Number of protein chains: 2
Amino acid sequence: METPHTHDLDAVATTAGNGAKPEDPGAQACRDEVDRLIEAWHRERPDLDVAPLEVLSRVSRLARHLDRARRTAFAEHDLEPWEFDVLSALRRAGAPYQLTPSKLLTQTLVTSGTMTNRIDRLAAKDLVKRLPDPGDRRGVLVQLSDTGRKRVDGAFEGLLAQERDLLGSISMADREALAGLLRTLVLPFDN
Amino acid sequence: METPHTHDLDAVATTAGNGAKPEDPGAQACRDEVDRLIEAWHRERPDLDVAPLEVLSRVSRLARHLDRARRTAFAEHDLEPWEFDVLSALRRAGAPYQLTPSKLLTQTLVTSGTMTNRIDRLAAKDLVKRLPDPGDRRGVLVQLSDTGRKRVDGAFEGLLAQERDLLGSISMADREALAGLLRTLVLPFDN
DNA sequence: CATCGGTATCTCGATATCGAGATACTTGGT
DNA sequence: ACCAAGTATCTCGATATCGAGATACCGATG
């Protein structure tokens with residue numbers, strides 16, 4: 001999806017990118033898809049400042065690539081991304097690895113119907129178990145099984161290895177700067 | 001559509017975050033969800049270096065928030081995100097706003113079956129038209145209608161306004177730094 | 001203890017996507 | 001001209017998700 005951003009005041013559209021400028025300080029030599037996207041919009045709508053796309057389109061596109069990469073990484077542990085989402089929430093909760101469906105759906109941002117379905121399928125694979133919630137007969141507790149814990153731990157280690165690899169081209173200092181700026185952008189949403 | 005997605009993942013050590021550090025230079029005072037995610041993983045798996053999550057989890061989460069925000073912004077122009085994806089690809093192509101389904105599906109990263117379905121629905125709403133491809137009788141050309149062009153132009157302006165707003169808390173210099181670092185991360189995927 | 005609003009979970013019909021296969025046409029080689 | 005391999009698009013069954021509604025239970029109030 002395209003998240004365009006540019007401001008146009010004239011020729012600003014190419015400011016941050018290494019777009020058409022021939023000088024290119026000492027930076028990477030290559031244009032990415034977003035550079036092309038922005039160039040196309042700038043050609044078609046020279047009246048608009050599409051600078052915001054420089055940041056936000058890249059966030060969206062990178063996230064999509066990360067989704068695919070994670071799917072591959074998890075596949076080596078026979079887990080789908082949605083399975084990791086649920087199991088990792090339980091894992092992070094700590095022993096005895098129990099959460100209510102309600103807690104799980106707020107953490108995974110899916111609807112209750114979806115979560116019921118997911119728990120059913122995870123239970124069928126013996127990765128979680130459904131227990132009655134003592135103290136609230138409406139509710140249930142979803143508990144990570146022993147095999148579930150091992151699978152999610154392995155998948156998480158694989159994920160970290162992959163992510164470390166993806167970040168390899170960026171210095172420690174830049175990673176921290178990046179993390180800080182991203183936090184600033186996320187905060188208004190996270191409350 | 002949409003990339004729905006859902007993933008929670010990641011949490012990094014506490015390196016870059018303003019996690020538990022009491023000093024906090026002059027930065028924002030608040031922890032985000034990823035800080036909490038990282039703290040939980042660090043508690044449960046102190047043997048792992050979860051630092052990559054500081055960056056990549058934030059990218060994923062921010063992208064999800066952006067998806068929801070865009071859905072809202074597009075709704076004011078009676079467009080779904082997937083509709084904007086297709087229409088904007090046609091719009092960027094420039095007059096006469098024609099692309100083959102193949103070009104459209106490489107740009108939107110969906111399968112051919114999905115694209116056929118999308119074109120059907122867009123054509124039913126008179127936002128695009130299917131034309132025979134002169135020069136290749138297997139193929140068709142998808143052309144943006146006049147109302148389609150107006151709708152996508154309006155939606156794009158709305159999107160830009162929203163994105164400019166979201167980036168408001170970040171200085172111009174930081175935006176450029178952010179865009180540059182994100183490009184570095186995306187490049188290995190984009191080829 | 002009866003009631004009523006709120007909460008937790010599940011049910012179920014509608015829908016968008018995927019993915020494998022079908023169909024029709026093109027292209028290069030002989 | 002013919003044929004095989006490749007390409008462009010569409011078809012269709014399976015599936016995961018959403019979202020509205022149903023059911024069962026909690027808790028405070030009178």
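Remember, predicted model here, so these are calculated numbers, not experimental data. Every heavy atom of this structure was used, including side-chain atoms; hydrogens, water molecules and symmetry mates were not. Chain letters run A, B, ... following the sequence lines, proteins first, then strands; residues in each count from 1.
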- Heavy-atom pair of closest approach, residues A:Gln162 and A:Ala73: NE2-CB, 3.7 Å

- B:Leu122 CG to D:dC10 C1', straight-line distance once rounded to whole Å: 16 Å

- Query: What closest approach, in Å, do B:Gln98 and B:Leu141 show between heavy atoms, and which atom pair accounts for it?
  - Reply: OE1-CD1, 3.6 Å

- Message: Using whole Å, what does the distance between atom P of nucleotide C:dT15 and atom CD of B:Glu83 come to?
- Response: 15 Å

- Query: How many Å lie between CG on A:Leu99 and P on C:dA8, as a whole number?
  - Reply: 14 Å

- Taking the side chain as every heavy atom from C-beta outward, state whether B:Arg58 and B:Asp35 have any atom pair closer than 4.5 Å. yes

- Does D:dC10 have OP1 or OP2 sitting under 4.0 Å from an N or O in the side chain of B:Arg130? yes

- For B:Asp126 and B:Ser145, work out which heavy atoms get closest and say how close. O-OG, 2.8 Å

- Heavy-atom contacts under 4.0 Å between residues 132-140 of chain B and DNA chain D, which residues? B:Arg138, B:Gly139, B:Val140

- At their closest point, which heavy atom of A:Leu122 faces which heavy atom of A:Trp82, and how far apart are they? CG-CZ3, 3.8 Å

- Picking from C:dA8, C:dA16, D:dA16, the nucleotide nearest the side-chain atoms of A:Arg121 would be D:dA16

- Task: For B:Asp120 and C:dT15, give me the distance from atom CG to atom C1', rounded to whole Å.
- Result: 15 Å

- Message: Using a distance-only criterion (donor-acceptor N/O pair, under 3.5 Å, no hydrogens), is the base of D:dC10 paired with the side chain of B:Ser112?
- Response: yes

- Message: If the threshold is 4.0 Å, N to carboxylate O, is there a salt bridge linking B:Arg36 and B:Glu33?
- Response: yes

- Message: Between C1' on D:dT11 and CD1 on B:Ile119, what's the gap in Å once rounded to a whole number?
- Response: 14 Å

- Message: Can you see if the side chain of A:Arg118 gets near the phosphate of D:dT17 - specifically, an N or O under 4.0 Å from OP1 or OP2?
- Response: yes

- Item | Spacing of B:Met115 atom CE relative to C:dA20 atom P, expressed in whole Å | 19 Å

- On DNA chain D, check which nucleotide each of B:Thr114 and A:Thr111 is closest to and give me the residue with the more 5' one. B:Thr114

- Item | Nucleotide D:dT15, atom P - distance to CH2 of A:Trp82 in whole Å | 13 Å

- In whole angstroms, the gap separating P of C:dC12 from CG of A:Asn117 amounts to 13 Å

- Task: Go through the steps for A:Phe156 and A:Arg92 under the test side-chain contact (heavy atoms from CB on, under 4.5 Å), then give the verdict.
- Result: CA-CA 11 Å; A:Phe156 183 56; A:Arg92 282 196 308 273; over 6 Å; no

- In terms of side-chain heavy atoms of A:Thr116, which of D:dC18, C:dA16, C:dC10 is nearest? C:dC10

